[in-house]
Asks: 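I'd like to ask some things about the structure below.
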Amino acid sequence: MTYQSDLLTTLSTRGYIHQLTDAAALDRLAASGVVPGYIGFDPTAPSLHVGSLVQIMLLRRLQQSGHKPIVLMGGGTGKIGDPSFKEESRQMLTEDRLATNVASIRRIFERFLTFGNGPTDAVMLDNAEWLDALEYIPFLREVGQHFSVNRMLSFDSVKLRLDREQSLSFLEFNYMILQAYDFLELSRRAGCRLQMGGSDQWGNIVNGIELARRMDSTEVYGLTTPLITTADGGKMGKTMAGAVWLHEDQLPHFDYWQFWRNTDDRDVGKFLRLFTDVAVEEIERLESLEGAEINAAKIVLATEATAMCRGREAADGAAETARKTFAEGTSGDALPTMTAAGDTITVVDALIGLGFAKSKGDARRLIAGGGARVDGEKVTDDALTVTLGDTPIRLSAGKKHHGLITRG
């Protein structure tokens with residue numbers, strides 16, 4: 001479909017659109033004026049991770065196209081936890097922990113969006129503002145009557161748990177009603193006309209659209225993004241070391257940069273479109289590179305994605321560290337570092353301390369396979385102990401993981 005609005009043209013060109021409700025009507029609306037749109041985020045941790053990044057970028061694209069992003073923090077729904085496609089209930093968080101997480105997560109959005117009081121400036125709201133004030137019986141009478149339990153049971157997000165005979169609490173079952181109510185409240189409070197989210201949120205978004213139409217006769221719209229997978233079929237952001245956190249206090253700048261640098265050749269173009277502001281024409285040139293030249297495109301991806309999330313100085317520092325580490329064989333300042341308790345440390349303990357191995361057995365297998373190096377020299381003895389001096393020692397695990405060990 002050919003779109004008239006800058007918003008849908010950009011989202012389509014860069015690969016963000018999976019499903020749309022009434023695409024033609026939304027396109028006309030976006031072409032005629034400012035459209036406030038929102039995405040909800042549950043503050044279950046102090047930081048979001050790369051798995052949330054496509055949604056953050058979606059809000060950025062919304063603002064870049066002249067519209068108003070609304071970041072909705074789930075201070076209310078976070079007390080329940082979204083059960084969509086989850087195999088078990090989430091841990092219940094205290095109100096203090098939720099508030100702390102919300103404040104921490106806001107710092108991430110301030111790097112991607114411009115906040116303020118203008119017509120296209122981003123705002124952050126918390127659904128606890130209205131959900132905490134709900135009275136149970138009036139809410140059931142006014143809102144609950146618009147939801148069919150039969151239909152709610154038909155949603156894949158619910159069927160998954162029931163088909164596996166896994167517990168789905170009544171508390172969690174209410175989540176989809178509360179999310180629909182969020183859309184209604186945002187349409188009333190902020191003139192919000194668009195809800196966006198991942199493909200797993202389609203049912204919840206449709207519920208909100210129908211609720212706004214039934215209760216207020218308001219036409220609102222929904223858009224979902226595709227599930228972002230890597231070329232080998234894996235889920236975006238899943239690594240052997242765990243989640244790729246957006247906050248630097250949970251993941252060093254170099255590790256974040258290196259995550260993007262390790263992108264599969266086949267994913268470079270897609271990730272440049274989704275996760276950077278590099279112009280599409282330049283992306284087309286970069287993704288056409290072949291052989292060893294594709295590494296130049298990966299460096300652009302890593303540096304631009306890191307600059308957006310961590311700042312230009314952090315990105316350039318990580319890129320320079322990588323250049324020194326890989327091209328010159330020296331050590332850069334941004335490599336992950338561990339400090340030994342004394343003057344010596346075994347390579348096995350160092351691999352674990354740097355997060356390159358999960359256990360002693362894992363470390364020994366890495367060494368036996370020839371994957372561990374100390375200052376560029378292959379380690380052949382899993383009992384090797386290194387002596388530390390004034391200069392840090394560089395420890396490598398395979399070709400992609402490097403760290404420094406310093407004396408305590």
Asks: Between Thr224 and His18, does any side-chain donor sit less than 3.5 Å from a side-chain acceptor?
Replies: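 Judged by distance alone, the side chains do not pair up.
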
Asks: Got a sec, which residues hit salt bridge (charged side-chain N to carboxylate O under 4.0 Å, His left out) with Arg151, two or more places apart in sequence or on another chain?
Replies: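 So Arg151 forms a salt bridge (charged side-chain N to carboxylate O under 4.0 Å, His left out) with Glu210.
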
Asks: What is the minimum heavy-atom distance between Ala397 and Leu351, and which atoms define it?
Replies: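 Taking every non-hydrogen atom into account, CB-CD2, 4.3 Å.
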
Asks: Among side-chain atoms of Thr77 and Asn127, is any donor-acceptor pair under 3.5 angstrom?
Replies: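 Side chains of Thr77 and Asn127: pair found under 3.5 Å.
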
Asks: For Trp245, is there any backbone N or O sitting under 3.5 Å from a side-chain donor or acceptor partner on His49?
Replies: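 Not confirmed, His49 side chain does not pair with Trp245 backbone.
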
Asks: I'd like to know if Lys298 and Asp265 make a salt bridge, using a cut-off of under 4.0 Å between side-chain N and carboxylate O.
Replies: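 A salt bridge is present here (some side-chain N lies under 4.0 Å from a carboxylate O).
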
Asks: With ring centroids as reference points, do Phe41 and Phe109 lie under 6.0 angstrom apart?
Replies: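 Ring-ring flag for Phe41/Phe109: true, centres closer than 6.0 Å.
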
Asks: Do we see a donor-acceptor contact under 3.5 Å between the side chains of Gln195 and Gln201?
Replies: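 Result is no, nothing qualifies.
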
Asks: Apply side chain to side chain donor-acceptor pair (under 3.5 Å) to Ser199 and Gln19, showing your working.
Replies: CA-CA 8 Å; Ser199 56; Gln19 294 166 298; over 6 Å; no

Asks: For Leu223 and Leu58, what are the C-alpha separation, side-chain angles and deciding distance, and is it a side-chain contact (heavy atoms from CB on, under 4.5 Å)?
Replies: CA-CA 10 Å; Leu223 182 155; Leu58 193 55; 4.1 Å; yes

Asks: Hydrogens and angles aside, do Ser359 and Asp362 bring a side-chain donor and acceptor to less than 3.5 Å of each other?
Replies: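 There is no such pair between these side chains.
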
Asks: Flag the pair Leu274 / Tyr16 as yes when at least one side-chain heavy-atom distance between them is below 4.5 Å, and no otherwise.
Replies: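 They are in side-chain contact.
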
Asks: Flag yes if more than 12 heavy atoms outside Arg273 fall under 6.0 Å of its CZ atom; otherwise flag no.
Replies: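 Enclosed: over 12 neighbouring heavy atoms sit under 6.0 Å from CZ of Arg273.
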
Asks: Please name all residues satisfying salt bridge (charged side-chain N to carboxylate O under 4.0 Å, His left out) with Asp121, sequence neighbours left out, ordered by chain then number.
Replies: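 By the salt bridge (charged side-chain N to carboxylate O under 4.0 Å, His left out) rule, Asp121 matches no residue at all.
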
Asks: Between the side chains of Tyr175 and Asp42, does any donor sit under 3.5 Å from an acceptor?
Replies: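 There is such a pair between these side chains.
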
Asks: According to side chain to side chain contact (heavy atoms under 4.5 Å, CB included), who are the partners of Arg111, at least two apart in sequence or on a separate chain?
Replies: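 Result, side chain to side chain contact (heavy atoms under 4.5 Å, CB included) vs Arg111: Arg107, His247, Glu248, Arg310.
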
Asks: Considering residues at least two apart in sequence or located in another chain, which fulfil the side chain to side chain donor-acceptor pair (under 3.5 Å) criterion with Glu219?
Replies: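 With neighbours one apart ignored, the set is empty.
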
Asks: Only counting residues at least two apart or in another chain, list the ones meeting side chain to side chain donor-acceptor pair (under 3.5 Å) with Arg188.
Replies: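 Testing Arg188 for side chain to side chain donor-acceptor pair (under 3.5 Å), a comparison that skips the adjacent residues, returns Asp216.
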
Asks: Would the distance check show the side chain of Lys270 and the main-chain N or O of Ile228 forming a donor-acceptor pair, the cut-off being under 3.5 Å?
Replies: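 Such a contact is absent between Lys270 side chain and Ile228 backbone.
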
Asks: Is the backbone of Gly118 close enough, under 3.5 Å, to the side chain of Lys68 for a donor and an acceptor to pair up by distance?
Replies: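 Looks like yes, one N/O pair under 3.5 Å.
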
Asks: If we ignore hydrogens and angles and just use 3.5 Å, is the side chain of Asp264 paired with the main-chain N or O of Ala231 as donor and acceptor?
Replies: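 Side chain of Asp264 to backbone of Ala231, a donor-acceptor pair under 3.5 Å: no, none is there.
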
Asks: Strictly distance-based, threshold 3.5 Å: is any side-chain N or O of Asp126 a donor or acceptor partner for the main-chain N or O of Glu129?
Replies: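 No, Asp126 side chain to Glu129 backbone: no donor-acceptor pair under 3.5 Å.
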
Asks: Between the side chain of Thr306 and the main-chain N/O of Thr303, is any donor-acceptor distance below 3.5 Å?
Replies: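 Here the side-chain-to-backbone pair does not exist.
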
Asks: Would you find a donor on one side and an acceptor on the other, under 3.5 Å apart, between the side chain of Thr276 and the backbone of Leu272?
Replies: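 Yes: the side chain of Thr276 pairs with the backbone of Leu272.
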
Asks: Answer yes or no: is there a donor N or O on one side and an acceptor on the other, between the side chain of Tyr256 and the main chain of Leu246, under 3.5 Å?
Replies: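 Here the side-chain-to-backbone pair does not exist.
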
Asks: So if I apply the side chain to side chain contact (heavy atoms under 4.5 Å, CB included) rule between Tyr38 and each of Leu186, Val71, Val123, Leu194, which one comes out positive?
Replies: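 When Leu186, Val71, Val123, Leu194 are each tested with Tyr38, the side chain to side chain contact (heavy atoms under 4.5 Å, CB included) holds only for Leu186.
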
Asks: Run the side-chain contact (heavy atoms from CB on, under 4.5 Å) check on Thr385 and Ile345 step by step: do they pass?
Replies: CA-CA 5 Å; Thr385 296; Ile345 187 172; 6.0 Å; no

Asks: Go through the structure and list residues passing side chain to side chain donor-acceptor pair (under 3.5 Å) with Thr218, not counting sequence neighbours.
Replies: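 Partners of Thr218 under the side chain to side chain donor-acceptor pair (under 3.5 Å) test: none.
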
Asks: Who are the salt bridge (charged side-chain N to carboxylate O under 4.0 Å, His left out) partners of Arg28, not counting sequence neighbours?
Replies: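 Residues passing salt bridge (charged side-chain N to carboxylate O under 4.0 Å, His left out) with Arg28: none at all.
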
Asks: Does the pair Arg266/Glu287 count as a salt bridge with the N-to-O cut at 4.0 Å?
Replies: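 Looking at Glu287 together with Arg266, the answer is no, because their closest N to O distance does not fall below 4.0 Å.
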
Asks: Any side chain to side chain donor-acceptor pair (under 3.5 Å) involving residues 3-14? Give me the pairs, sequence neighbours left out, ordered by first then second residue.
Replies: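 Output for this query lists Ser5-Asp27.
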
Asks: Go through the steps for Tyr181 and Ile177 under the test side-chain contact (heavy atoms from CB on, under 4.5 Å), then give the verdict.
Replies: CA-CA 6 Å; Tyr181 186 70; Ile177 300 179; 5.6 Å; no

Asks: Working note: Leu211 + Phe183, criterion side-chain contact (heavy atoms from CB on, under 4.5 Å); need CA distance, chi angles, decisive distance, verdict.
Replies: CA-CA 8 Å; Leu211 184 63; Phe183 202 175; over 6 Å; no

Asks: Determine whether His67 and Leu7 make a side-chain contact, defined as any pair of heavy atoms from C-beta on separated by less than 4.5 Å.
Replies: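 Contact flag for His67/Leu7 side chains = yes.
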
Asks: Side chain to side chain donor-acceptor pair (under 3.5 Å) with Trp130: which residues, sequence neighbours excluded?
Replies: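 For Trp130 the side chain to side chain donor-acceptor pair (under 3.5 Å) partners, ignoring immediate neighbours, are Asp182.
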
Asks: Return the minimal non-hydrogen interatomic distance between Leu98 and Pro43, and the atom names on each side.
Replies: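 Closest approach of Leu98 to Pro43: CD2-O, 3.6 Å.
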
Asks: Tell me the salt bridge (Lys or Arg N to Asp or Glu O under 4.0 Å) pairs involving residues 47-60, sequence neighbours left out?
Replies: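 Of all non-adjacent pairs touching residues 47-60, those that pass salt bridge (Lys or Arg N to Asp or Glu O under 4.0 Å) are Arg60-Asp277.
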
Asks: Looking at residues at least two apart in the chain, or sitting in another chain, which of them share a ring pair (Phe, Tyr, Trp, His ring centres under 6.0 Å) with Phe275?
Replies: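 Ring pair (Phe, Tyr, Trp, His ring centres under 6.0 Å) check on Phe275 returns Trp260, Phe271.
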
Asks: Hey, mind stepping through Gln258 and Arg261 against side chain to side chain donor-acceptor pair (under 3.5 Å) and telling me if it holds?
Replies: CA-CA 5 Å; Gln258 190 65 26; Arg261 172 62 180 81; over 6 Å; no

Asks: List the residues meeting side chain to side chain contact (heavy atoms under 4.5 Å, CB included) with Asp96, not counting sequence neighbours, and say none if there are none.
Replies: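 Asp96 satisfies side chain to side chain contact (heavy atoms under 4.5 Å, CB included) with Thr94 once adjacent residues are dropped.
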
Asks: For a 4.5 angstrom cut-off between non-hydrogen side-chain atoms, does Thr114 reach Gln63?
Replies: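 The answer is yes; the side chains approach within 4.5 Å.
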
Asks: Thinking salt bridges, do Arg106 and Glu110 make one under a 4.0 Å N-O criterion?
Replies: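 Result for this pair is yes, salt bridge flagged.
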
